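What you see is a predicted model; the values in this text were computed from it and never measured. Just so you know, residue 1 is the first one in the sequence shown, and it goes up from there.
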Amino acid sequence: MNTSEEWSFVVPVIALAIPVTLALAAVLSPRRAGLASGAALGLALLVTGGAALTWGAATEAGPRLGVRVDAVTCVMLLLVATLGAIIVRYSRTYLQGAPGLVRYLRWLLLTLSAVTALVIANNLLVVVLGWTATSVALHQLLTFYRERPAALVAAHKKFLVSRLADLCLLGCLALVHQDVGSLDLDRIAAWAGAHPTLPPSMQAAAVLLVIAVALRSAQLPFHGWLLQVMEAPTPVSALLHAGVVNIGGFVLLRLAPWMAHAALAQLLLVVIGLGSALIAALVMTTRVSVKVSLAWSTCAQMGFMLVQCGLGLWHLALLHLVAHSLYKAHAFLSAGTAVDEWRLRAMTKQPPPPSWSRLGIGVLVAAGSAALCVLVLRHTAALRPADERSVALLALVVSLSLVPLLTRKTTGIFTAAGVALRVSGVVLLYVGWHAAAAQLMPSRDATSNGPVWALVGLGFVGLFAMKATLQLLPEGRLARAVYPWLFAGLYLDERFTRLTFRVWPPRLQRRSEPAPATRIQETLEAHT
């Protein structure tokens with residue numbers, strides 16, 4: 001083993017040791033623990049940056065001592081270290097002077113340690129244990145304000161969903177070890193490559209893994225806890241939405257060689273992810289609260305990521321994971337500025353809603369721009385058939401999302417042409433990132449199931465048509481029929497909450513003193 005190979009597994013171990021040391025240091029005074037957390041997480045960022053550079057030098061080093069060093073590991077380590085440093089620094093200011101700061105830092109850093117462990121692990125059992133440890137540590141952060149019943153109820157629902165996911169993961173581990181004889185990720189990949197047709201037991205294991213990922217990724221109807229964890233501190237919400245809820249996608253990426261041969265599991269990913277993405281995107285439009293709207297957005301984004309994995313677009317799922325993590329961290333940590341933006345919009349004259357004709361022009365321009373981009377890439381980049389489908393789907397989704405720009409600014413042909421060029425530029429830029437992400441993931445052909453691709457394309461077109469109809473006809477018959485159900489989230493969470501309370505009710509702390517409303521009522525009764 002040469003020097004670069006030795007360093008290739010030492011670097012991630014050091015990166016893991018830093019958050020563990022931080023967690024132990026959190027038993028000190030809040031001031032000293034806070035200073036240590038900021039300094040050590042900054043060091044972790046530098047170390048993981050060194051890991052990325054080292055991986056480039058050790059091209060064929062491979063995993064050593066159960067530690068996996070590849071492009072995905074380096075990207076995820078940089079992401080975890082960056083978000084961890086930002087969230088810890090933000091927490092010091094956000095919770096300055098609050099009781100329980102030491103306890104908060106301890107569990108926050110243990111959460112980061114568990115995430116780091118599963119990122120660098122090359123064994124499926126270690127990945128599962130790290131995932132479970134992350135869930136347990138996060139539970140303590142979600143119940144930081146133990147006097148708030150809403151926080152305890154949300155954490156309780158998440159705890160039950162996570163334990164159900166653990167049972168699915170245990171069954172998956174047992175089936176994989178029975179057939180493969182090992183839980184090493186490389187051996188699982190080699191076994192899957194030698195057995196393109198999976199036996200029923202491995203198909204069942206893949207289905208159990210998909211169910212566990214759906215449970216922990218807040219997919220419908222097990223999404224309610226994600227909407228109600230806003231009672232936790234804002235940094236915890238940022239950590240949850242930007243990092244922890246994305247772990248399911250990362251686990252699927254790690255097991256891509258095996259999942260690529262599990263047709264039933266991939267179809268299940270598409271069905272669960274597409275349903276959650278479409279419904280959550282519609283429900284999000286009815287929300288007034290900024291953070292609750294972001295929570296529904298996370299549910300939809302996780303559904304889209306599962307669709308990408310189900311279609312075999314593993315590199316696109318990796319790109320989505322990184323982009324969503326950075327976006328959601330910024331969105332939650334800067335959620336307070338939404339009030340100022342709302343006041344600014346209230347003081348400015350709002351443009352009239354677009355007409356049907358303008359919407360039609362916007363759709364035609366966007367679709368034409370996307371089609372032009374696909375044709376240009378087909379003749380210049382020599383795309384494979386699988387890549388053409390993925391690029392076409394990507395261009396469709398991006399172009400439809402940019403239609404509002406066309407409906408607001410198309411006042412003349414020159415303006416429309418300028419916006420069309422911008423749409424084309426955005427589509428090409430996104431496709432460029434798509435190609436760059438493909439260099440980080442092993443080259444695998446996407447699934448060739450044409451009906452599944454058609455289902456996904458029709459789903460996103462239907463979502464756009466529904467949102468456009470509700471926007472243009474807010475008082476129409478469809479809006480009056482659909483809006484109450486969307487505002488209630490299809491009553492899915494209410495039914496799930498009743499079931500969980502019936503099976504295992506939460507233990508809520510009794511208040512030492514009556515609530516303010518109760519005290520006021522008692523005072524009025526005493527005076528009357």
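- Under a 3.5 Å cut-off, the side chain of His177 and the backbone N or O of Leu173 do not form any donor-acceptor pair.
- His139 and Trp107 have their aromatic ring centers separated by at least 6.0 angstrom.
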Discussion item. Test side chain to side chain contact (heavy atoms under 4.5 Å, CB included) on Leu83 and Leu112; report intermediate values, then the result.
Written reply: CA-CA 10 Å; Leu83 294 180; Leu112 296 174; over 6 Å; no
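- The main-chain N or O of Ser293 is never found under 3.5 Å from a side-chain atom of Ser297 such that the two would form a donor-acceptor pair.
- Summarising the local packing, CZ of Arg287 is surrounded by more than 12 heavy atoms from other residues, nucleotides or ligands at distances under 6.0 Å.
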* To do: Assess whether side chain to side chain contact (heavy atoms under 4.5 Å, CB included) is satisfied between Arg106 and Val102, documenting all intermediate values.
  => CA-CA 6 Å; Arg106 181 186 304 123; Val102 172; 3.6 Å; yes
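- Put simply, the side chain of Ser201 never gets that close to the backbone of Leu175: no donor and acceptor are under 3.5 Å apart.
- Side-chain N or O atoms of Thr82 include none that pairs as donor or acceptor with a backbone N or O of Leu79 at under 3.5 Å.
- Taking CZ of Arg103 as the start and CG of Leu141 as the end, the distance is 9.0 Å to the nearest 0.5 Å.
- Between Ser135 and Lys158 the shortest heavy-atom distance is OG-NZ, 3.3 Å.
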**Message:** Run the side chain to side chain contact (heavy atoms under 4.5 Å, CB included) test on Asp166 and Trp131 for me, step by step, so that the C-alpha distance in whole Å, both residues' side-chain angles and the decisive distance to 0.1 Å come before the verdict.
**Reply:** CA-CA 9 Å; Asp166 288 338; Trp131 202 1; over 6 Å; no
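- Interatomic distance, CG of Leu227 versus CG of Leu294, reported as 11.5 Å (0.5 Å rounding).
- Cation-pi geometry between Arg89 and Tyr94 is not satisfied (NZ or CZ under 6.0 Å from the ring centre, within 45° of the ring normal).
- Environment of CD in Glu494: crowded, with over 12 heavy atoms of neighbouring residues, nucleotides or ligands closer than 6.0 Å.
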Worked verdict on Arg163 versus Thr132 for side chain to side chain contact (heavy atoms under 4.5 Å, CB included):
CA-CA 9 Å; Arg163 301 295 75 78; Thr132 302; 4.1 Å; yes
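- Using a 30° and 60° split on the angle between ring planes, Phe222 and Phe496 fall in the perpendicular class, above 60°.
- Nearest heavy-atom pair, Val119 versus Met76, reported as atom, atom and distance to 0.1 Å: CG1-CB, 3.6 Å.
- Here the CZ-OG distance, from Arg187 to Ser182, works out to 4.5 Å after rounding to the nearest 0.5 Å.
- The two residues Ala260 and Trp314 have their closest heavy-atom pair at N-CZ2, 4.2 Å.
- Counting heavy atoms of neighbouring residues, nucleotides and ligands inside a 6.0 Å radius, atom CZ of Phe501 exceeds 12 of them.
- The distance from atom NE2 of His315 to atom CG of Leu319, rounded to the nearest 0.5 Å, is 9.0 Å.
- The CG atom of Leu170 sits 10.5 Å away from atom CG of Leu208, with the distance rounded to the nearest 0.5 Å.
- Judged by distance alone, with hydrogens and angles left aside, the side-chain atoms of Thr286 form no donor-acceptor pair with the main-chain N or O of Leu282 at under 3.5 Å.
- Screening Val80, Val126, Thr73 for a side-chain contact (heavy atoms from CB on, under 4.5 Å) with Ile120, the sole residue that qualifies is Thr73.
- Contact between Ala155 and Leu142 at its shortest, heavy atoms only, is CB-CB, 4.0 Å.
- Note: Ser91 OG to Leu239 CG = 8.5 Å, rounded to the nearest 0.5 Å.
- Panel note: side chain Arg92, backbone Ile87; no donor-acceptor pair is recorded below 3.5 Å.
- Using modelled atom types, no side-chain atom of Arg254 and backbone atom of Asn123 make a donor-acceptor pair closer than 3.5 Å.
- Here the closest non-hydrogen pair linking Leu220 and Cys299 is CD1-SG, 3.3 Å.
- Proximity of His241 to Leu226: side-chain heavy atoms (C-beta onward) are separated by under 4.5 Å at one or more points.
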